[in-house]
Amino acid sequence: MKQLVLAFKRLLWFIPTVVGLIVIVFIISRIIPADPVALVAGETATPAQVEVLRAKLGLDKPLPIQLLKYFQGLLQGDMGRSLYTTRAISADLLHRLPATIELTLAAMLVTIVLGIPLGVISAIRRNSWLDHVLRVITVSGLAIASFWLGIMLQLLFAMRLGALPLAGRMAGFPPDDITGMYTLDALLTGELGIFAVAASHLTLPALTLAFPALATVVRFTRAGVLDVAQSNFVLYERAMGFPAPVIVWKYVLRNALISTVTQIGLLFGILLAGTVVIETVFDWPGIGNYAVNSIIMSDYNAIMGFTIWAGVIFIVVNLAVDIVQTFIDPRETA
Amino acid sequence: MKTSLFVLRKLMEDRVAFLGLLLILGLVFCAVFAPWLATYPGDVWDLHPVNRLLPPDGQFLFGTDRMGSDIYSRILFGARITILVAVIAVGASLIIGVPIGLVAGYYHNWFSDLLMRVSDIFLAVPQVVLAIAIAQTLGPSLPNVILALSVTYWPWFTRLVYAETRSLQNEIFIESSIALGASPWRVIVYHILPNVSSPIIVRTSIGMGFTILTAATLGFLGLGAPPPTPEWGRMISESREYLPQAWWYAAAPGMAIFLVVMGFNLLGDGLRDILDPRIRRGQKDDG
């Protein structure tokens, strides 16, 4: 019950946070020195034409009115239109969403499947050469510029060895559209050939995206296991003659994962942020790539749409993590 | 003075943290003495199309770029930009973030709630996303990059100082100072601030690394200083057209970023172990 009240309180904060975010992004996008209308109209437009366009885009009204209009649209799921393509931004974002989700989930899978075992091994073999090697790798993960890592992987695996595709999401026809995620759709329709192509395109970007997150998970798992390994129940189990692997992989890991679960939730947000750069490097047709293109084109409506989208996802994930945590570990409610 | 000597001695004992310190000192050394260390100090501006895209050799240590300029010399001058951006952006974040955190943590009223909610909004979006939006809005230039990074990094300090201040308030020495009639200002500046300085120092070191990475990302996306500024992130993005032949063009600036950020992270980890024995190495958060 207490958890539910707390969860509800957190939900209440959700709305003002999102509204605040929109107001801040809106103000930022409107205090620009350059005139977006003049940019859209082109160099050859006369001043009169620019003013007509300005009125058409609703940019001649005072700022608070514009903001109100924007909120009105948002409530109906309308994020405005791209200044360049004139397509609806919400439709553009939705269309690109599966690609980004696919990439993020793949990176998350790599992070968990590799990160947790490596963290446990590193804790069991504490201060061994293996632990030291893993520590160097994890510290590097947080220090390396992910776009550079991506380019270096492209250089080695795609350009030099030719083992994996350089960029893009697919070669040939994509599978039938079910979820929009090519690898998953190919599996669902049983097209193993298409799956192999899609998976090979996914490998390098997912690995690049996962690398910094992997570092965090390994470190947290290692610290968690070491922490739990010192508790009394482990001493007891050892005294009772439980086999060491059972103690570590079953009892210790289960308790150590509480903090890691929280981290994994937060990682989802961090990975989504990473897609902005990684999608640009690998020419992955997702939302991050869309954002960078809008930035290059000075498409203010699109930039706003993306920022709000990213903020909402981030807030929702943090909220979910908070709520899940109060259920996993009720002490947190105190 | 005594404490800083103690910290320095401890740092010398921790080999890994000391390595971090050496990397940072190396960066500062390169930045300060760039004109003397550089083999072609003029190559920040000069072009020599004849020497275009030459591989590394005795004459051009890290090879040459698309303009025929010496990459080694350009990286040395890039160190200046890196330091400039990181120091000003993190410094500004400190100046904005720490006082807000202190005030919001010390007082318990609607105003502190408001301050924390505003910082929550900034933390709600990944820093790089907000920084990209701001830097693009203001137009590509070095001051705008610094501004974008400062505006988006201060809430990290506010969060930290706020939490520390709140937990310090239950300490007896704070309660007794208040009971003795010390003004809020006195309590905050003389009693709370010195006690939150350790986590601030640790966060500053890690924040420097983080800011350098974000700044490089902005440069890579074309939002940094315009060419021919030898900004490391921009150098990597320029090099992409000439891969895989000119591998050195991309490798050298990336390596420079890696070593510097590594330096700040290692130092931050080491400082955390020394200044805050409660938290062991390995429990590092992001940001």
Side-chain angles (χ1 to χ4, degrees), chain A residues 13 16-18 20-21 23-25 28-29 31-34 135 139-140 142-149 151-152 154-155 158-160 212 216 219-220 222-223 226-227 259 263 266-267 269-270 272-274 276-277 280-281 291-292 295-296 298 300 303-304 306-307 310-312 314-315 318, chain B residues 16 20 117-118 120-130 132-139 151 206 209-210 212-214 216-217 220-223 232-233 236-237 239-240 243-245 247 250-251 253-255 257-266 269 280-287:
Chain A
W13 274 118
T17 314
V18 173
L21 175 69
V23 172
I24 289 178
V25 176
I28 290 171
S29 71
I31 48 166
I32 31 176
R135 187 173 156 200
V139 173
S140 317
L142 294 171
I144 210 159
S146 58
F147 59 89
W148 183 65
L149 178 67
I151 292 173
M152 289 293 119
Q154 280 179 328
L155 182 62
M159 295 174 178
R160 284 281 156 97
T216 314
R219 292 176 71 135
F220 261 85
R222 180 182 184 273
L226 284 178
D227 203 33
S259 67
Q263 273 306 306
L266 295 175
L267 280 181
I270 296 166
L272 273 175
V276 175
V277 182
T280 309
V281 172
V292 173
I295 285 167
I296 293 166
S298 297
Y300 296 98
I303 296 171
M304 270 203 62
F306 167 76
T307 314
V312 169
F314 216 57
I315 294 170
N318 281 336
Chain B
V16 177
R117 289 286 88 79
V118 172
D120 277 352
I121 293 170
F122 279 92
L123 290 176
V125 197
Q127 193 209 2
V128 70
V129 172
L130 208 54
I132 288 173
I134 296 174
Q136 162 61 17
T137 306
L138 299 173
V151 167
I206 288 168
F210 194 72
I212 291 171
L213 273 186
T214 315
T217 305
F220 175 72
L221 295 174
L223 296 170
W232 294 345
I236 296 175
S237 101
S239 75
R240 294 192 71 195
L243 292 178
Q245 286 75 30
W247 56 269
M255 234 17 232
I257 298 172
F258 173 68
L259 289 177
V260 170
V261 177
M262 187 80 143
F264 281 110
N265 285 355
L266 292 179
D269 268 8
R280 288 185 322 281
R281 195 198 302 275
Q283 298 194 329
K284 191 175 157 245
D285 54 354
D286 282 68

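First the proteins, then the strands, lettered A, B, ... as listed; each starts at 1.
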Can you tell if the side chain of Arg160(A) reaches within under 4.5 Å of the side chain of Trp247(B), non-hydrogen atoms only? yes
Using the side chain to side chain contact (heavy atoms under 4.5 Å, CB included) criterion, which residues pair with Ile212(B)? Sequence neighbours excluded. Thr82(B), Ala86(B), Val260(B), Val261(B), Phe264(B)
Has the side chain of Arg240(B) got a donor or acceptor atom that lies under 3.5 Å from a matching backbone atom of Val281(A)? yes
Residues Gly20(A) and Ile121(B): closest non-hydrogen pair is CA-CD1, 3.5 Å
Just so I understand: if I count every heavy-atom pair under 4.5 Å between each of Leu149(A), Val292(A), Ile151(A), Thr280(A) and chain B, which residue has the most? Ile151(A)
Measuring only between side-chain heavy atoms, which start at C-beta, is Ile132(B) closer than 4.5 Å to Phe306(A)? no
For Val139(A), is it the side chain, the backbone, both or neither that has a heavy atom under 4.5 Å from a heavy atom of chain B? both
Got a donor-acceptor contact below 3.5 angstrom from the Trp148(A) side chain to the Ala250(B) backbone? yes
Hey, which of Ile134(B), Thr214(B), Thr217(B) has the most heavy atom pairs under 4.5 Å with chain A? Thr217(B)
Heavy-atom contact with chain A under 4.5 Å, split by part of Leu259(B): neither
With a 4.5 angstrom heavy-atom cut-off, is it the side chain or the backbone of Val312(A) that approaches chain B, or both, or neither? neither
So, are Asp269(B) and Arg135(A) salt-bridged, with charged N and O less than 4.0 Å apart? no
Proximity breakdown for Leu21(A) and chain B, heavy-atom pairs closer than 4.5 Å: both
Considering only heavy atoms, which portion of Ala135(B) lies under 4.5 Å from any heavy atom of chain A: side chain, backbone, both, or neither? neither
Separation of Leu155(A) CG from Gln245(B) CD (nearest 0.5 Å): 9.5 Å
Ser140(A) versus chain B, the contacting section by heavy-atom distance below 4.5 Å: both
For Val276(A) versus Val129(B), what's the shortest heavy-atom pair and its separation? CG2-CG2, 4.2 Å
Roughly how far, to the nearest 0.5 Å, is the CG atom of Leu243(B) from the CD atom of Gln154(A)? 8.5 Å
